[in-house]
Amino acid sequence: MMMLMKKMRTAARFRSQLWSLKMPSLCHRSFAAISTYKAVIFDMYGVLIPSSVKLATVFEQQNSVPLGTLGRAIRMGGELNAWKRFMRGEIGAEEFVEAFGRQCSEIAGCPVPIGSFLSDLTSGPMTRPLPVMMKAILCARSRGLKTAVLSNNFLQLNGDPFLPLDHSLFDVIVESCREGLSKPDPRIYHLCLNRLGVSAHEAVFLDDLELNVKAAVQLGMHAIKVGDLAVSVKELEGMLGIPLSGFVPGPDSAPWATKLPMDRLTQYLRKALHLSDEDPVAVQQLSPSQSNSLYHLTTGGRHLLLRKQQKTSRAMETEYRLLKSLNGSSIPVPEIIDLCEDPSVLGAPFLLMEVCLGRMFSDHSLPGLTPGDRRALYQAMQHTLCQIHCLDTRAVGLEDYGEPVDYMGLQVQWWTQQYRDSETQPIPAMERLIQWLPLHLPKHQRTTLIHGSFRLENLVFHAEKPEVVAVMDWGRSKLGDPLIDLTFSCMGHYLPQDNPLLTGISDRGLVQLGIPTVEEVMGQYCSSMGLEEGIPDWNFYMAFHLFCLAASHQGESKSTIAGQPGSGRLAEQVADLAWDFATKEGFRIFNAMPRAPHAGTSPLKGQVAE
């Protein structure tokens with residue numbers, strides 16, 4: 001009886017500390033990392049205003065000019081053709097219209113009214129900046145980033161360049177017609193970087209032409225080829241690690257730091273960090289969440305991160321203990337400085353830690369990198385996961401960091417209850433999974449420290465090397481089954497990029513991108529961890545994760561969009577995919593599952609889901 005009561009108390013305590021599997025798109029996530037990028041450089045046409053390439057196509061159609069005529073004329077004649085000389089300011093508008101018009105007419109075999117095209121380039125929609133990019137610029141500047149325009153531009157008849165933009169939004173404006181240089185000449189990129197006062201690896205460059213993007217990459221910049229504007233802004237968000245929408249001008253756009261009691265904060269920092277009275281404190285808020293706010297502090301030559309929690313300090317106490325234990329271990333984590341629970345300082349508990357400088361990515365396809373760089377980063381990610389799972393928890397004092405009593409069984413029970421509590425309509429696949437999962441729990445579960453949300457978004461990489469310098473967001477960590485981390489990190493391999501619940505890469509052509517396949521990821525892990533038997537329960541773990549994702553969305557739907565048409569459809573689709581993993585059909589679809597490279601057997605070990 002005593003033993004039974006002890007197990008019940010342990011299980012209850014375990015349930016009270018269960019880490020949440022809510023996906024990043026469904027919950028607030030904070031990170032203690034500051035991007036090493038200092039500037040964003042924008043092309044004008046096709047990025048800040050509508051595309052001149054698309055305008056040329058419309059012009060040709062409206063004037064019965066063979067499609068592609070203007071493009072051919074631009075590419076002909078090398079650096080001395082009329083278009084490029086016009087862009088470098090070597091000829092005026094009248095001379096350009098005559099020379100370029102003659103060239104286009106010869107190609108088309110009919111007169112081409114280039115004067116009309118030049119007029120179209122400087123009127124109508126071309127004079128209206130694109131709102132999504134303007135909002136992104138405002139957000140970037142509000143976070144302290146420099147912005148610049150680097151444009152192949154021309155002089156109008158009045159002698160002024162065509163630049164229908166608010167000049168106050170940019171620290172630097174570099175135009176080809178004023179500099180006598182045009183993209184992709186590397187000298188004009190260097191000119192822009194020098195005026196910004198940043199190095200190539202500290203800048204992100206956006207352009208709609210591939211040759212200009214390649215030139216930037218060759219110089220060491222991170223570049224984005226702009227097509228779909230929304231997709232490009234999302235890609236830029238991933239690189240910078242900050243939101244680029246939602247900027248509202250007016251009184252509310254004043255620095256968030258004014259909401260902190262700076263006198264009390266400064267007094268605390270001087271005492272905690274042994275600062276002099278002359279050391280100023282600068283504050284920049286990185287996350288405007290009301291319940292979990294994140295601030296970047298600079299003082300005494302140090303970059304710090306302050307995370308303030310409004311409600312309870314229990315989660316912070318847990319994270320503080322973990323990070324303190326891991327500081328100095330083989331696992332890269334931010335250096336923790338202090339947990340302040342004195343409400344007289346900021347009115348709520350907060351964590352203070354060192355900033356981890358480096359790169360963070362939210363797009364798992366790692367845009368802007370070479371295939372070799374992508375592969376190296378994914379390999380570094382798996383190496384770090386193995387470091388976590390190999391940690392001697394007793395040596396760092398974490399042997400009692402949550403007792404894993406029937407770990408996976410309790411996880412299944414808890415998520416089943418979550419689904420029942422938020423159920424809006426029956427989902428057949430969920431009902432089948434609720435019956436199937438408890439009957440197919442892994443028979444052999446190892447116990448290690450687990451991160452609980454191990455994904456690319458929670459890693460900070462070295463600014464230049466394929467090396468993880470910090471693992472962030474340990475709020476869901478505990479002792480448990482390490483395969484939870486491994487399989488969670490691979491979920492994106494089975495979901496498409498446009499999945500609204502969890503962005504995936506299944507449709508991105510992994511081999512061409514250089515991203516390791518699931519087989520390769522599993523092979524690296526099995527080899528490093530000495531798992532000669534592979535992962536025989538792989539299908540179970542994937543079914544479980546997708547089951548949790550469906551349950552999370554069902555709860556989100558009930559609380560936010562209940563009753564809207566199709567609000568439960570996403571949960572149903574994810575549940576169907578989960579069931580695929582739990583059936584023979586799922587095995588047939590994924591019949592080429594990973595193998596441990598040295599074992600000669602499939603990590604599935606021939607298992608067919610029942």
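- We find the OG1-CG distance between T370 and L366 to be 10.0 Å, quoted to the nearest 0.5 Å.
- Heavy atoms only, all atoms of each residue included: S325 and L398 are closest at OG-CD2, 3.6 Å.
- Across all non-hydrogen atoms, the minimal contact from L304 to L352 is CB-CD1, 4.2 Å.
- Closest approach of C390 to M529, counting heavy atoms only: SG-SD, 3.5 Å.
- Using a 4.5 Å heavy-atom threshold, the side chains of L513 and S365 count as touching.
- Counting heavy atoms from C-beta outward, P332 and V469 have side chains that stay 4.5 Å or more apart.
- For T487 (side chain) and L483 (main-chain N/O), a donor-acceptor pair under 3.5 Å exists by modelled atom type.
- Note on ring orientation: taking the six-membered ring where Trp is involved, the planes of W436 and H440 are parallel (angle under 30°, cut-offs 30° and 60°).
- When all heavy atoms are compared, the tightest approach of V468 to A380 is CG2-O, 3.8 Å.
- A side-chain donor-acceptor contact under 3.5 Å links N458 to the backbone of S453.
- Side chains of F454 and D473 form no contact here, defined as non-hydrogen atoms less than 4.5 Å apart.
- H201 and Y37 form no side-chain donor-acceptor contact under 3.5 Å, judged by distance and modelled atom types alone.
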As a quick check of understanding, evaluate side chain to side chain contact (heavy atoms under 4.5 Å, CB included) for E520 and T517, giving each step before the final call. CA-CA 5 Å; E520 291 173 309; T517 62; 3.5 Å; yes
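- L377 CG to R375 CZ: the interatomic distance, rounded to the nearest 0.5 Å, is 12.0 Å.
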What do the steps show when you test I427 against Y419 for side chain to side chain contact (heavy atoms under 4.5 Å, CB included), and what is the final call? CA-CA 10 Å; I427 298 179; Y419 171 72; 3.7 Å; yes
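- Q524 places no side-chain N or O within 3.5 Å of a backbone atom of Q382 that could act as its donor or acceptor partner.
- No side-chain heavy atom of P466 sits less than 4.5 Å from a side-chain heavy atom of D373.
- Residues F581 and Y541 place their aromatic rings such that the two centres sit no closer than 6.0 Å.
- With rounding to the nearest 0.5 Å, the separation of NZ in K308 from SG in C340 is 11.5 Å.
- Between atom CH2 of residue W415 and atom CD1 of residue I434 there is a gap of 13.0 Å, rounded to the nearest 0.5 Å.
- A side-chain donor-acceptor contact under 3.5 Å links Q387 to the backbone of S330.
- Two residues are said to be in side-chain contact when any heavy atoms from C-beta on lie closer than 4.5 Å; L546 and M491 meet this criterion.
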Mind running side chain to side chain contact (heavy atoms under 4.5 Å, CB included) on I515 and I505 for me, showing each step along the way? CA-CA 10 Å; I515 296 174; I505 50 175; 4.2 Å; yes
Taking it one step at a time, do T447 and Y407 satisfy side chain to side chain contact (heavy atoms under 4.5 Å, CB included)? CA-CA 9 Å; T447 298; Y407 184 83; over 6 Å; no
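- Under 3.5 Å, the side chains of R455 and H364 contain a donor-acceptor pair of N or O atoms.
- Listed for the E237 side chain is a donor-acceptor partner under 3.5 Å among the backbone atoms of L244.
- With D537 contributing its side chain and L441 its backbone, the two residues share no donor-acceptor pair below 3.5 Å.
- Applying the salt bridge (Lys or Arg N to Asp or Glu O under 4.0 Å) test to residues at least two apart or on different chains, the pairs with a partner in residues 459-470 are K465-E467.
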Apply salt bridge (charged side-chain N to carboxylate O under 4.0 Å, His left out) to R359 and E457, showing your working. CA-CA 10 Å; R359 297 174 290 169; E457 295 94 325; over 6 Å; no
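- Taking the side chain as every heavy atom from C-beta outward, V204 and M221 never approach each other to under 4.5 Å.
- Using modelled atom types, one side-chain atom of R374 and one backbone atom of L369 make a donor-acceptor pair closer than 3.5 Å.
- When all heavy atoms of I336 and N327 are compared, the pair lying nearest together is N-OD1, 3.0 Å.
- For the pair V233 and L236, the minimum side-chain heavy-atom distance is 4.5 Å or more.
- The only option from V396, T393, L449 that meets the side-chain contact (heavy atoms from CB on, under 4.5 Å) definition with Y401 turns out to be L449.
- The NZ atom of K324 lies 9.0 Å from the CD1 atom of I337; values are rounded to the nearest 0.5 Å.
- In this structure a side-chain-to-backbone donor-acceptor pair under 3.5 Å is present from D485 to H451.
- If you check the side chains of H493 and S506, you find no donor sitting under 3.5 Å from an acceptor.
- In terms of modelled atom types and a separation under 3.5 Å, the side chain of S528 and the main chain of Y525 share no donor-acceptor contact.
- Among all heavy-atom pairs drawn from S232 and M133, the shortest one is CB-CE, 4.4 Å.
- At most 12 heavy atoms of other shown residues, nucleotides or ligands fall within 6.0 angstrom of atom NE2 in H383.
- Taking the side chain as every heavy atom from C-beta outward, N539 and F544 never approach each other to under 4.5 Å.
- F547 contributes atom CZ, which lies 10.0 Å from atom CZ of F540 (distance to the nearest 0.5 angstrom).
- Scanning for salt bridge (charged side-chain N to carboxylate O under 4.0 Å, His left out) contacts around K234 gives an empty result, with sequence neighbours left out.
- Under the 3.5 Å distance criterion, with hydrogens and angles disregarded, no donor-acceptor pair is assigned to the side chains of D338 and Y320.
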